[in-house]
There are 2 protein chains.
Amino acid sequence: MSDIIQVLRRHGIQATPQRIAVAEYVLAVRTHPSADEVWEQVRRRCPTLSRATVYNTLNLFVDKGLLKTQVLKEGTVVFDPRVDAHHHFIDVDTGKIYDVPWQALKVSGAKALRGFDVREYQVILRGRRVGK
Amino acid sequence: MSDIIQVLRRHGIQATPQRIAVAEYVLAVRTHPSADEVWEQVRRRCPTLSRATVYNTLNLFVDKGLLKTQVLKEGTVVFDPRVDAHHHFIDVDTGKIYDVPWQALKVSGAKALRGFDVREYQVILRGRRVGK
DNA sequence: GTCCGATATTAGACTTAGTATCACCTGGTG
DNA sequence: CACCAGGTGATACTAAGTCTAATATCGGAC
């Protein structure tokens, strides 16, 4: 797991035990956890980890481009280890967030909006997960 | 302004002075105010209005289909009097939210997503307002 | 009009997400 | 060794939102 350290260094982040523990969890996760969810999980392995450090660490990771924040849930920001462009589907029953690949949807017209210099966009879809 | 009362009644909402005051503000507004912003504004006309009533009233309006909530800002839900489908543009400098007409963008592929029963969707665009 | 149950309103306590403060603790440098 | 930068942790604080319990008001039955 020492490639985590490499990843941190490559992003200009000094590796510490706490940061490594947070990174191991948050970079591998397939859900979209909030800061407090990250704290709860990582604390099981590293019980001295403080809430402030988790918030500091996650915000640092965002600054350094390791994570992105997404505003998808009421009441909390979630963190997403996928920093490339993609869309999101939100299950209206469970609140679960699913990634939707960029190529799965096509959006046209964004460049033509007058008065708006669009830097990025994504589609937010809501509905129900079926099958699977 | 008594057509506000008609609008409330038509949506099955008992008209009270507080609800009328909130409705007058929030149904006419062009911005996307948070509950506390609504409180602050409406309180100027109706100083006895309590915070709890504003929250109750706005949530009631949402239940009854007069408003929609939108999760577009960190830390707060905003209320939108436009209940028909449209997209949103967020100015990354100011945080201001702009409506983008439904017809201005075309999204294809949403119906074809396997495993997802899409009920609604919208495009969230971020960038800078230019010109006016 | 009066009474009464149902519904609204209010102030304030409470909860939760997130930030700020500050003391302490490292690890590298002169 | 002394020092300084940066990281960590406990705790205080702020802000969004909900809950509660007491009071006020509405609307219908008489």
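Below, chain A is the first sequence line, B the second, and so on; all start at residue 1. Hydrogens, waters and symmetry mates play no part in the numbers below; they use all other heavy atoms, side chains included.
Sorted by first and then second residue, the salt bridge (charged side-chain N to carboxylate O under 4.0 Å, His left out) pairs with a member in residues 85-97 of chain A read D93(A)-R128(A); sequence neighbours excluded. Within the structure, ring-ring contact (aromatic ring centres under 6.0 Å, His included) pairs that include any residue of residues 40-64 of chain B do not occur (at least two apart or interchain). Within the structure, every pair that satisfies the salt bridge (charged side-chain N to carboxylate O under 4.0 Å, His left out) test and touches residues 33-50 of chain A, not counting sequence neighbours, is listed here: D36(A)-R51(A). For residues 66-85 of chain A, there are no ring-ring contact (aromatic ring centres under 6.0 Å, His included) pairs, not counting sequence neighbours.
Looking at every heavy atom in both residues, V42(A) comes nearest to A21(A) through CG1-CB, 3.7 Å.
Residues satisfying the side chain to side chain donor-acceptor pair (under 3.5 Å) criterion with K68(B), sequence neighbours excluded, are E120(B). In terms of the ring-ring contact (aromatic ring centres under 6.0 Å, His included) criterion, residue partners of H86(B) (sequence neighbours excluded) are, by chain and number, H88(B). Remark: D117(A) pairs with R119(A) by the salt bridge (charged side-chain N to carboxylate O under 4.0 Å, His left out) rule, at least two apart or across chains.
For L49(B), whose side chain is taken as the heavy atoms from C-beta onward, the closest listed nucleotide among dA17(C), dT7(C), dT10(C) is dT10(C).
With respect to H87(A), the ring-ring contact (aromatic ring centres under 6.0 Å, His included) criterion is satisfied by exactly one of Y121(A), W102(A), Y98(A): W102(A).
Of the residues in residues 28-39 of chain A, D36(A) come within less than 4.0 Å of DNA chain C through at least one heavy atom, sorted by number. Within residues 51-73 of chain B, the residues having any heavy atom closer than 4.0 Å to DNA chain C are, in order of number, A52(B), T53(B).
Each of G75(B) and T48(A) was assigned the nucleotide of DNA chain D with the nearest heavy atom; the assignment lying further toward the 5' end belongs to T48(A).
Nucleotides of DNA chain D that come within less than 4.0 Å of any heavy atom of chain A span, from the 5' end to the 3' end, dG6(D) to dA10(D).
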Using residues 103-116 of chain A as the side-chain source, report each donor-acceptor pair under 3.5 Å to any protein atom, sequence neighbours left out, with the distance given to one decimal.
{"unit_1": "S108(A)", "atom_1": "OG", "unit_2": "K106(B)", "atom_2": "O", "d": "3.4"}

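Nucleic acid contact class of Q14(B) (heavy atoms, under 4.0 Å, all strands): sugar-phosphate only.
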Exercise. Going 5' to 3' along nucleotides 25-30 of chain C, which nucleotides have protein heavy atoms under 4.0 Å from the base (write B), which only from the sugar-phosphate (write S), and which from neither (write -)?
Worked result: ------
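With values rounded to the nearest 0.5 angstrom, L8(A) atom CG is found 6.5 Å from L66(A) atom CG. Taking NE2 from H32(B) and CG from L67(B), the interatomic distance works out to 11.0 Å, rounded to the nearest 0.5 Å.
Checked by atom type and distance alone, the side chain of T53(B) never pairs as donor or acceptor with a backbone atom of L49(B) at under 3.5 Å.
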